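All values below were derived from every heavy atom in this structure, side-chain atoms included, with hydrogens, water molecules and symmetry-related copies excluded. Given the structure is predicted, the values throughout are model-derived calculations rather than measurements. By convention in this document, chain letters (A, B, ...) are assigned in the order of the sequence lines, proteins followed by strands, and residues within each chain are numbered from 1.
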Amino acid sequence: MGDWKRTHYCGELRPSHARQKVFVAGWVDRRRDLGNLIFLDLRDHTGIVQVVLNPEISREAHDKGEQVRGEYVLGVEGEVVSRAKHTVNPQIATGEVEVQAQSILVLNEAKTPPFPLDDGARTSEEARLRYRYVDLRRARMQRNLRLRHQASLAVREHMNEHGFLEIETPFLTRSTPEGARDYLVPSRLRHGHFYALPQSPQLFKQLLMVGGFDRYFQIVRCFRDEDLRADRQPEFTQIDVEMAFPQRDELFDIIERLMEKLFALLDVKVERPFPRLPYDEAMERYGSDKPHIGFGLDWKRIALPEAMSGKLNTAPSAKMLRLAEQGHFSRSQLDKVQDLAKASGADWFSYIKTADKGLQSPLVKAVGEPAVETLAREAGMTSGDILLLIGTKADGASVMKARHLDEASGAIRLELAERLGLIKSGGWNFVWVVDFPMFEHNEKEKRFVAMHHPFTSPREEDLPKLETDPAAAKARAYDLVLNGQEIGGGSIRMHRRDVQAGVFRVLGLTEEKARERFGFLLEALESGAPPHGGIALGWDRIIALMAGESNIREVIAFPKTASAVDLMCDAPAPVDPEQLDELGIKIADP
RNA sequence: GGGGACGUAGUUCAGCUGGUUAGAACGCAUGCCUGUCACGCAUGAGGUCGCGGGUUCGAGUCCCGUCGUCCCCGCCA
């Protein structure tokens, strides 16, 4: 830029700068050529200011301006002047002033952009990702990544205040069984051996506790080679947190205060403490382990009287949902709910309406009025209410597990909330879901798998259940949920070797196999491991929620497509045969 | 792996039951224009209808396959 130095940002010029000589630099957002007078909107990361090229001020600047096009990069030297009243533009922050150019410097030319940069112009994601460096200039991405930066600063400040050290952990590490598919990195020095990129720094953070660091956190990239979704990228960021000698409620408090600080960036006041909801209750009432609690529509598990379930040919365990004052639900609306219930896995659906002339329900015919009345009374129905009922078939072979019934109830609840307009925007409904089961039964493999991970501690009172009834054992594991989205999860870890051995037994892992898989961690736990526990927060999801984006790609500078491709640099890509030779790798024919 | 939606000009889209030269808006180029700010006016350029095959006298349109993007299920903490 020669001897020139930028003195101001475009977006900060105000009437108070009037008559000052300034040098601004940026991109040409728009050009309006009136012939002998040219207006340029000059844009940088702070905003837009209007530059006037007037041949009466500078012939040379005006002549150069005739060649200038959109997205050219310019330096402009000129004088800030207040605009005449009738030429003020109230739509932009700098609209009361403009820069009268004395000279302009074309720092770079630019091809016509591949798509319009106006905020609000609709553009296919494909084009945006292909030309991400242009897309990033748009106000939306500038805003989102700025927010992300400020939020990251808040995390570091907050964790530091609470005694947490940010410590880096390796990206080139070892593949661990269980969990997601690993991204593998071949070793040049040991052919046939591979590093794995971490799915999370789980093991390392536990080792840092064993190593005596007491409190650790990291804003860290994690990698999982699984199919993608709107809220899942192959590489994503976690706020990883671990503490020694943990009290669960102290950890919750630290995280709640962190959320408070983050949302303060949006001028949102967060209510603390967050409610805590046992997993079983979440499943019963909301049919989800990540419930949106910003509205009612609570389900209740009931046992149908034997006579009734017999006549209906359903299993006795069922669920009901009382919709207060929704008695106006039409037959066709109820049919739609029924379709949804069936589609989401319920075998049986019915309802009871309270009408002027009494109870109205297809059940009356099937099981008689008194039975229906009993149900209505049990549900606490009053006039104008409607009661939805779902259940499962009676026959043993296709008995749907209670879990599936819960899932159906959750799907119905969300759909109803959507239709009834119960989901308010601008609400921030945090909830801790606690007391997750230790184990989940894998129906395919007919064995228990760890619901969180195999180093999660059971609740003290559930220790005996490891032997007697593993399915009923609850873990000291928890998720943080915001507006029905899981934004974090963690647990208090196991530090007692004997309990760990019991868990391995349930998982069907012999001592030998466990050694083989997790040897170094088990050894570390035997070297004097303090009690420890922590949490990992899904950073991309949190930022997306804060930014009001429904897709985490909008808060990631260079994201990948749903098929894990980087459209900008065209990765993944083939490599030279020499590179493969060095790694001792041959590509198999398809 | 499965399901759904989409793919036409640089961009966003229209194109009906198959029918003559594939359109619009914005953008772009050229010219005119001294108070515009989504400047205006005039003129113009710009198309492998994703790709391959098939049906047909004739395909952007119908069929099959394939590739890509998005969303969902499976998968994944």
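For the pair A:Asp29 CG and B:C39 C1', the computed distance is 15 Å after rounding to whole Å. Computed from coordinates, the A:Glu66 CD to B:U34 C1' distance equals 13 Å when rounded to whole Å. Per the geometry, CG belonging to A:Leu228 stands 14 Å off C1' belonging to B:G74, to the nearest Å. Going from atom CG of A:Leu567 over to atom C1' of B:C70 covers 12 Å, rounded to whole Å. Atom CD in A:Glu126 sits roughly 6 Å away from atom P in B:U69 (whole-Å rounding). Look at CG on A:Asn54: it is 15 Å from P on B:C33, rounded to the nearest Å. Following rounding to the nearest Å, A:Lys111 (NZ) and B:C28 (P) show an atom-to-atom distance of 16 Å. Note: CG (A:Asp182) to C1' (B:C76) measures 12 Å, nearest angstrom.
Of the nucleotides present, none pairs with B:G74 by Watson-Crick or G-U wobble criteria with both distances under 3.5 Å. Nucleotide B:U20 is matched to nothing when pairs are restricted to Watson-Crick or G-U wobble geometry with both distances under 3.5 angstrom.
At a threshold of 4.0 angstrom between heavy atoms, the contacts of A:Gly179 are confined to the sugar-phosphate backbone, with no base atom among them. Residue A:Glu56 is in base contact, counting any heavy-atom pair closer than 4.0 Å across all strands shown. Within the 4.0 angstrom heavy-atom criterion, no nucleotide atom of any strand lies near A:Asp225. Residue A:His453 is out of contact with every strand shown, counting any heavy-atom pair closer than 4.0 Å.
Note: A:Tyr131 and A:Tyr133 have perpendicular aromatic rings, judged against thresholds of 30 and 60 degrees for the angle between ring planes.
One C1' atom belongs to B:G15, the other to B:C72, and the distance between them is 30 Å to the nearest Å. Of the C1' atoms belonging to B:U43 and B:C49, the separation is 27 Å, rounded to the nearest Å. Between the C1' atoms of B:G58 and B:C75, the separation comes to 48 Å (whole Å). The separation of B:C6 from B:C62, taken at their P atoms, amounts to 11 Å, rounded to a whole angstrom. The same atom, C1', is picked in B:G27 and in B:U11; the two are 7 Å apart, to the nearest Å. Look at the C1' atom in both B:G60 and B:A9: the space between them is 14 Å, to the nearest Å. Comparing the P positions of B:G50 and B:C33 gives an interatomic distance of 44 Å, to the nearest angstrom. Going from the P atom of B:A22 to that of B:U61 covers 15 Å, rounded to whole Å.
Residues of residues 481-495 of chain A that place a heavy atom closer than 4.0 Å to RNA chain B, in numerical order, are A:Glu486.
For A:Arg128, the side-chain hydrogen bond (donor to acceptor under 3.5 Å, both in side chains) criterion is met by A:Asp135, A:Glu554, not counting sequence neighbours. Judged as a side chain to side chain contact (heavy atoms under 4.5 Å, CB included), and not counting sequence neighbours, the contacts of A:Ala547 are A:Asn144, A:Leu147, A:Glu549, A:Val555. For A:Asp479, the side-chain hydrogen bond (donor to acceptor under 3.5 Å, both in side chains) test picks out no residue, with sequence neighbours left out. Take A:Arg59 and apply the salt bridge (charged side-chain N to carboxylate O under 4.0 Å, His left out) test, not counting sequence neighbours, and it matches A:Asp63. Residues passing the side chain to side chain contact (heavy atoms under 4.5 Å, CB included) test with A:Ser58, sequence neighbours excluded: A:Glu60, A:Ala61. A:Ser175 meets the side-chain hydrogen bond (donor to acceptor under 3.5 Å, both in side chains) test with A:Asp182; sequence neighbours excluded.
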Side-chain donor-acceptor contacts of residues 226-234 of chain A below 3.5 Å, not counting sequence neighbours, with atom names and distances?
from	atom 1	to	atom 2	distance (Å)
A:Glu226	OE2	A:Arg181	N	2.8
A:Arg232	NH2	A:Asp227	O	2.6
A:Gln233	OE1	A:Lys560	N	2.8
A:Gln233	NE2	A:Lys560	O	2.8

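Side-chain N/O atoms of A:Gln206 and A:His532 include a donor and acceptor closer than 3.5 Å. In the model, A:His292 has no side-chain atom that pairs as donor or acceptor with a side-chain atom of A:Arg413 under 3.5 Å. A:Tyr216 and A:Gln218 share a side-chain donor-acceptor pair at under 3.5 Å. For the 3.5 Å distance criterion, the side chains of A:Arg32 and A:Gln50 qualify, holding a donor opposite an acceptor.
Among residues at least two apart or in separate chains, ring-ring contact (aromatic ring centres under 6.0 Å, His included) pairs with a member in residues 475-494 of chain A are A:Phe252-A:Tyr478.
Put simply, the side chain of A:Arg31 gets close to the backbone of A:Gly65: a donor and an acceptor are under 3.5 Å apart. Side-chain atoms of A:Gln199 come within 3.5 Å of backbone N or O of A:Ala180 as a donor-acceptor pair. Side-chain atoms of A:Thr87 never come within 3.5 Å of backbone atoms of A:Arg83 as a donor-acceptor pair (strictly under, hydrogens ignored).
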Distances for protein N or O near nucleotides 29-31 of chain B N or O, under 3.5 Å:
from	atom 1	to	atom 2	distance (Å)
B:A29	OP1	A:Arg69	NE	2.8
B:U30	OP2	A:Arg69	NH2	3.1

Distances for protein N/O vs nucleotides 36-38 of chain B N/O pairs under 3.5 angstrom?
from	atom 1	to	atom 2	distance (Å)
B:U36	O2	A:Arg32	NE	2.7
B:U36	O2	A:Arg32	NH2	3.4
B:U36	O2	A:Gln50	OE1	3.3
B:U36	N3	A:Gln50	OE1	2.9
B:U36	N3	A:Gln50	NE2	2.9
B:U36	O4	A:Gln50	NE2	2.7
B:U36	O4	A:Arg83	NH1	3.2
B:C37	O4'	A:Arg32	NE	3.0
B:C37	O2	A:Gln50	OE1	3.3
B:C37	O2	A:Asn89	ND2	3.1
B:C37	N3	A:Arg83	NH1	2.7
B:C37	N4	A:Arg83	NH1	3.4
B:C37	N4	A:Thr87	O	2.3
B:A38	OP2	A:Gln91	OE1	3.1
B:A38	O3'	A:Arg30	NE	3.3

Write out a two-atom table: protein N or O, nucleotide N or O from nucleotides 8-13 of chain B, distance below 3.5 Å.
from	atom 1	to	atom 2	distance (Å)
B:G10	O2'	A:Pro114	O	2.8
B:U12	OP1	A:Ser124	N	2.6
B:U12	OP1	A:Ser124	OG	3.1
B:U12	O2'	A:Arg122	NH2	2.9

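The side chain of A:Ser563 lies closest to B:U69 when the candidates are B:U34, B:U69, B:C75. In this structure, of B:A77, B:C71, B:U69, it is B:A77 that holds the atom nearest to the side chain of A:Arg224.
Contact annotation: A:Arg31 side-chain N/O to B:C28 OP1/OP2 distance is not under 4.0 Å.
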